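Since this is a predicted model, take the numbers as computed values, not measurements. Lettering of chains follows the sequences in order, A, B, ..., and the numbering in each one begins at 1. Note that these values count all heavy atoms, side chains included, but never hydrogens, waters or copies made by symmetry.
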Amino acid sequence: MVALVDVNNFYVSCERVFCPALHGQPVIVLSNNDGCVVSRSDEAKALQIGMGQPVFEIRELIRKNRVHVFSSNYALYGDMSARVMNTLRQFAPSLEVYSVDESFLDFSGMQRFDLAAHALNIRKTVWRWVGVPVCVGVGPTKVLAKVANHLAKKDKAGNGICLLENNWENALKTLDVSDVWGIGRQYTRLLHQYGIRTAYDLTQANDAWVRKHLSVVGLRIKKELEGEACIHLETDVPNKKNVGTTRTFRQPLSTQNELGEALADFAARCGEKLRKQQSSATMFTAYIQTNHLAAGEQQYSRSFTLTFHTPTNSTLQLVNAAKFALQKIFRSGYRYKRAGVLLGELVHPCAGGQMSLFDNLDHAKHTRLMAALDSVNARFGRNTVRTAAQSLGGSARLTQQNRLSPGYTTKWKEALRVGGSA
DNA sequence: TCTGGGGTCCTAGGACCC
DNA sequence: TCTGGGGTCCTAGGACCC
């Protein structure tokens with residue numbers, strides 16, 4: 001049996017840990033730039049605040065109902081995520097961290113035990129140790145564990161757990177097909193056209209038909225709904241195949257200088273990401289674009305891709321590439337709202353990257369320099385040491401985070417104080 | 001006025017090989 | 001009427017996830 005454990009309203013729940021008075025209150029967390037709603041408490045959901053809703057549409061609603069609003073505090077959420085995952089590890093022989101707030105636990109190999117009691121214990125322990133509420137769904141396959149988790153969450157009067165051990169057909173009959181993991185909007189529309197409305201209906205469809213319209217991915221989902229495991233646990237974290245850093249700017253940028261600094265910041269951040277997983281990139285893409293949502297404005301959007309002779313993870317090379325790319329694509333006279341750097345065709349040292357005949361860089365030197373840069377920045381803060389091409393304030397100054405909570409768990413100066421002054 | 005960021009996988013079709 | 005057979009690689013586009 002497999003369990004899917006996930007934190008309810010994760011970002012909101014993290015904020016509540018350090019501000020318990022927020023329990024029972026409507027709370028929302030916003031995306032970068034404080035633009036859209038990305039996490040809502042149950043009370044906020046009850047106010048009809050939608051996932052992904054632009055915040056300017058609900059200003060009045062927020063004011064009237066005294067909704068508590070937070071910018072997203074990724075340092076906090078990342079740290080809380082690690083606490084949850086570490087707590088979960090002891091409850092199963094193997095675990096897959098599926099996302100920042102979800103893990104699959106594989107119980108196979110465990111001695112006979114009471115599943116329901118075990119699931120309840122997981123929930124209770126995470127609550128006591130970390131302070132966030134989780135739901136636990138258990139089933140014979142990952143897709144069914146997801147279904148169970150969904151049902152556990154929907155049942156507000158329940159105890160936050162749901163087991164699908166056998167005879168789960170009836171449960172599938174109550175589940176809209178769009179709520180099945182892997183069935184998105186497009187597939188839902190298609191399935192509805194053919195009269196398939198529930199998860200159960202999908203299990204009754206013809207295999208070949210599913211294969212044809214939903215590809216092998218859809219077929220696997222169907223089999224998993226029937227109890228046949230097709231999607232296995234990924235216990236070790238695979239290296240990323242692409243990394244990128246992209247931002248929407250609070251205020252549009254117009255000059256090549258401003259964009260150049262932003263892209264240099266993004267390239268440097270990508271370098272950090274590469275080095276963290278010890279890989280190097282072959283393909284480099286930079287793009288810039290105007291605000292596609294501003295109907296009246298002149299639109300422009302272009303990207304430039306280049307290939308490194310020898311894969312690199314040196315910030316110096318990546319920043320140079322950003323500068324070169326921008327020269328190719330920049331046109332003056334536009335208000336640029338978004339930009340980004342994307343790296344692809346990543347290679348990993350164990351795989352033995354191909355060296356170039358024409359490469360004259362001292363790689364060992366770059367490697368040592370980047371190691372020094374990373375360790376200084378790890379100790380004194382990101383961008384303490386940076387290239388001259390980067391901005392002085394870091395790209396954070398180009399975005400807006402007016403309601404940021406403290407780094408309670410990651411910065412000594414911002415740790416919560418209890419009682420009198422220190 | 002104001003609208004996130006970061007990923008993965010699969011397929012079809014074209015270009016090319018012998 | 002009647003047009004070989006078997007393959008690889010690459011890319012764009014489309015779907016999905018959190």
So what does A:Asp101 hit on the nucleic acid, given a heavy-atom distance under 4.0 Å: a base, only sugar-phosphate, or nothing? sugar-phosphate
Nearest-Å distance for atom pair CZ/P, residues A:Arg220 and B:dC9: 10 Å
Anything under 30° is parallel, anything over 60° is perpendicular, the rest tilted; go ahead and classify A:Tyr300 against A:Tyr334. parallel
What's the closest nucleotide to the A:Gln186 side chain, out of C:dA15, B:dG6, C:dC18? C:dA15
What is the distance from CD of A:Glu234 to P of C:dC18, rounded to the nearest Å? 15 Å
Treating A:Asn33 as the side-chain partner and A:Gln400 as the backbone partner, does any N or O pair qualify as donor plus acceptor under 3.5 Å? yes
Would you say B:dG5 has OP1 or OP2 under 4.0 Å from some side-chain N or O of A:Thr248? yes
Comparing A:Val216 and A:Gly244 on DNA chain B - which has the more 5′ nearest nucleotide: A:Gly244
Which part of the nucleic acid, if any, lies within reach of A:Lys212 when heavy atoms closer than 4.0 Å are counted: base, sugar-phosphate only, or nothing? nothing
Please state how far atom CZ in A:Arg269 lies from atom P in B:dG6, giving the value in whole angstrom units. 9 Å
From C-beta outward on A:Ser31, which listed nucleotide comes closest to its side chain: C:dC18, B:dG4, B:dT3? B:dG4
Please report the distance, rounded to the nearest Å, between CG in A:Leu61 and P in B:dC2. 21 Å
Rounded to whole angstrom units, what separation is found between the CZ atom of A:Arg59 and the P atom of B:dC2? 11 Å
Residue A:Arg211, side-chain atoms from C-beta onward, closest of B:dC2, B:dG4, B:dT11: B:dT11
Which nucleotide, B:dT8, C:dC18, B:dT3, lies nearest any side-chain atom of A:Glu102? C:dC18
For DNA chain C, the dot-bracket pattern of Watson-Crick and G-U pairs whose distances stay under 3.5 Å, | for other-strand partners: ....||||||||||||||
Donor-acceptor pair, A:Asn149 side chain versus A:Cys135 backbone, under 3.5 Å? yes
In terms of ring plane angle, is the pair A:Phe330 and A:Tyr336 parallel, tilted or perpendicular, where the classes change at 30° and 60°? tilted
The side chain of A:Lys273 lies closest to which of these nucleotides: C:dA15, B:dT11, B:dG6? B:dG6
Sole candidate of A:Arg16, A:Lys153, A:Lys156 that passes salt bridge (Lys or Arg N to Asp or Glu O under 4.0 Å) when paired with A:Asp42: A:Lys156
Do side-chain atoms of A:Arg335 reach the backbone of A:Pro252 as a donor and acceptor pair under 3.5 angstrom? no
What is the distance, to the nearest angstrom, from the NE2 atom on A:His213 to the P atom on B:dT11? 14 Å
Can you tell which of B:dG4, B:dT3, C:dA15 lies closest to the side chain of A:Tyr187? C:dA15
In whole angstroms, how far is the C1' atom of B:dG5 from the CZ atom of A:Arg338? 8 Å
For B:dG5, does OP1 or OP2 lie under 4.0 Å from any side-chain N or O of A:Asn32? yes
What nucleic acid atoms does A:Ile183 come within less than 4.0 Å of, heavy atoms only: base, sugar-phosphate, or nothing? sugar-phosphate
What orientation do A:Phe18 and A:Tyr408 show, parallel under 30°, tilted 30 to 60°, or perpendicular over 60°? parallel
Interatomic distance at C1', B:dC17 relative to C:dG4, whole Å: 15 Å
Would you mind telling me which of B:dG6, B:dG4, C:dC17 lies closest to the side-chain atoms of A:Trp181? C:dC17
Should the pair A:Tyr194 and A:Trp209 be assigned to parallel (<30°), tilted (30 to 60°) or perpendicular (>60°) ring geometry? perpendicular
DNA chain B nearest-nucleotide lookup for A:Pro54 and A:Ser215: closer to the 5′ end is A:Pro54
When you get a sec, tell me which of C:dC16, B:dC10, B:dG6 is the closest nucleotide to the side chain of A:Val217? B:dC10
Figure out the NE2/C1' separation between A:His150 and C:dC18, and round it to whole Å. 16 Å
